[in-house]
Amino acid sequence: MADERKNLALGIDLGGTKILTAVANAEGKMLSRDHSITPAKEGQPAVVKSILESVGRALAQAHIAVPDLTAVGVGAPGLSNPETGVLFTSPNLPGWRDVPLRDIIEKELGTKAFLINDANAAAVGELYFGAGRGARNFIYITVSTGIGGGIIIDGKIYTGSIGVAGEPGHMTIDDEGPPCNCGNRGCWEALASGTALAREARNRINEGATTSILEYGGGDPARINAEVIHEAAQAGDNLAAELIARTAYYLGVGLANLINIFNPEVIVIGGGLSNIGDRLLKPAFEEAGRRAFKQAYQAVRFARAELGRNSGVLGAAAFALEKMSGARRT
Ligand SMILES: [Zn+2]
């Protein structure tokens, strides 16, 4: 039995609303885990300060100090370059532009650090310790308020020429579709995310549709979300069922594109919307099957993500260890 305190990494999952920090070993065992709020509105110095405080608590909880770490991995939302460690821009971190986040963390902590996109980190987490274990080619998709993803090719995260690859949420599905946060329209996430599902429900209610969705949201249109719509669908609401079927349809269209381009062994699906389960995923997989090449579709296995909220923080830690050539596949 290897010493579980050897080859330790610190993973940081920086989100727009929360910071998750954990000390983990090369087998994905977490020795500590700290959860705090991201003061995103207070700007970059406040966020960096919060990260460092969280790191301090995670180290103390694991009874170790910075010199005990092999490296630090930072998963951050938005577009970043893992080679240079620069976060270009992030929709979840207002005001952040071309921030050398890796260097800031390295300097503050005095140890080697690596930067990776948050959804790519989650993909690496699932690759090492979750539903992608053992796969050489797989795609991780997280469907929640948006659609993020990570593409693993030949056992490595594919990040493209300047690091911003792996944004399947922004492939165009409908050239005249609804506007997307990225500036384009008809992107996958503008049609198949939880935000898209809730928006469509509000539109239909405004048009006078007969439905109990609003009641399940406590009468407040702002409280309509995927969970509320799922609840209404489970209770037999026709519109809710129709809207989930529509989301499944668009999910399937995007999955077919990914299957035809990448011919993956496994597609791992995580994120809040995947909690709807079979009502959403089964018709999505079927739609993908109607559209993708038969051989590629038959070769792919669909799996639900296994690590939940820990995928990003564990993936960031594993990415750092991989970069230091210290991680072992389980
Ligand atoms: Zn987009």
Side-chain angles (χ1 to χ4, degrees), residues 14-17 40 75-82 86-99 115-123 139-152 157-203 224-226 229 243-244 246-262 264 267-274 276 280-281 284 287-288 291-292 305 311-312:
L14 171 62
T17 56
L79 299 181
S80 58
N81 185 337
V86 171
L87 180 67
F88 297 123
T89 171
S90 175
N92 302 323
L93 299 168
W96 290 49
R97 195 158 289 275
D98 299 332
V99 175
L115 179 67
I116 181 172
N117 165 273
D118 56 354
N120 283 352
I139 295 176
Y140 168 81
I141 300 292
T142 171
V143 192
S144 57
T145 51
I147 298 181
I151 294 155
I152 305 288
I157 187 80
Y158 177 73
T159 55
S161 66
I162 58 156
V164 302
E167 291 285 349
H170 299 282
M171 66 176 149
T172 302
I173 299 291
D174 176 358
D175 63 341
E176 293 180 356
C180 181
N181 285 334
C182 72
N184 188 15
R185 55 170 55 245
C187 290
W188 199 20
E189 77 168 37
L191 291 161
S193 64
T195 309
L197 176 58
R199 182 200 62 224
E200 202 54 32
R202 277 191 285 270
N203 287 348
I224 293 174
N225 58 24
I229 296 164
L243 293 173
I244 291 173
R246 178 184 183 275
T247 305
Y249 170 82
Y250 284 120
L251 260 186
V253 173
L255 289 173
N257 291 345
L258 294 174
I259 290 166
N260 280 353
I261 296 170
F262 294 103
I267 295 182
V268 175
I269 303 200
L273 208 68
S274 67
I276 292 177
L280 176 75
L281 299 178
E287 186 58 34
R291 290 169 178 270
S311 58

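In what follows, residues are counted from 1 in the order of the sequence shown. Side chains are part of it too, since the values below use all heavy atoms of this structure and drop only hydrogens, waters and symmetry mates. Counting convention: from 1, in listed order, for ligands and their atoms alike. Because the structure is predicted, anything quoted here is derived from the model rather than measured.
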Please give me the minimum heavy-atom distance between A198 and I229, naming the atom from each residue.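 Answer, listing the atom of A198 first, then I229: CA-CD1, 3.9 Å.
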Judged by atom type as modelled, is there a donor-acceptor pair below 3.5 Å linking the side chain of S193 to the main-chain atoms of T145?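 Such a contact is found between S193 side chain and T145 backbone.
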Are any non-hydrogen side-chain atoms of I141 and L258 less than 4.5 angstrom apart? yes
Please confirm whether the backbone N or O of G169 pairs with a side-chain atom of E189, one donor and one acceptor, at under 3.5 Å? no
Proximal protein heteroatoms (N, O or S) of the Zn ion (ligand 1), under 2.8 Å: H170 ND1, C180 SG, C182 SG, C187 SG
Measure the shortest side-chain to side-chain distance between D118 and P77 over non-hydrogen atoms and say whether it is less than 4.5 angstrom. yes
Just to verify, what does R291 make a side chain to side chain donor-acceptor pair (under 3.5 Å) with, not counting sequence neighbours? Y249, E287
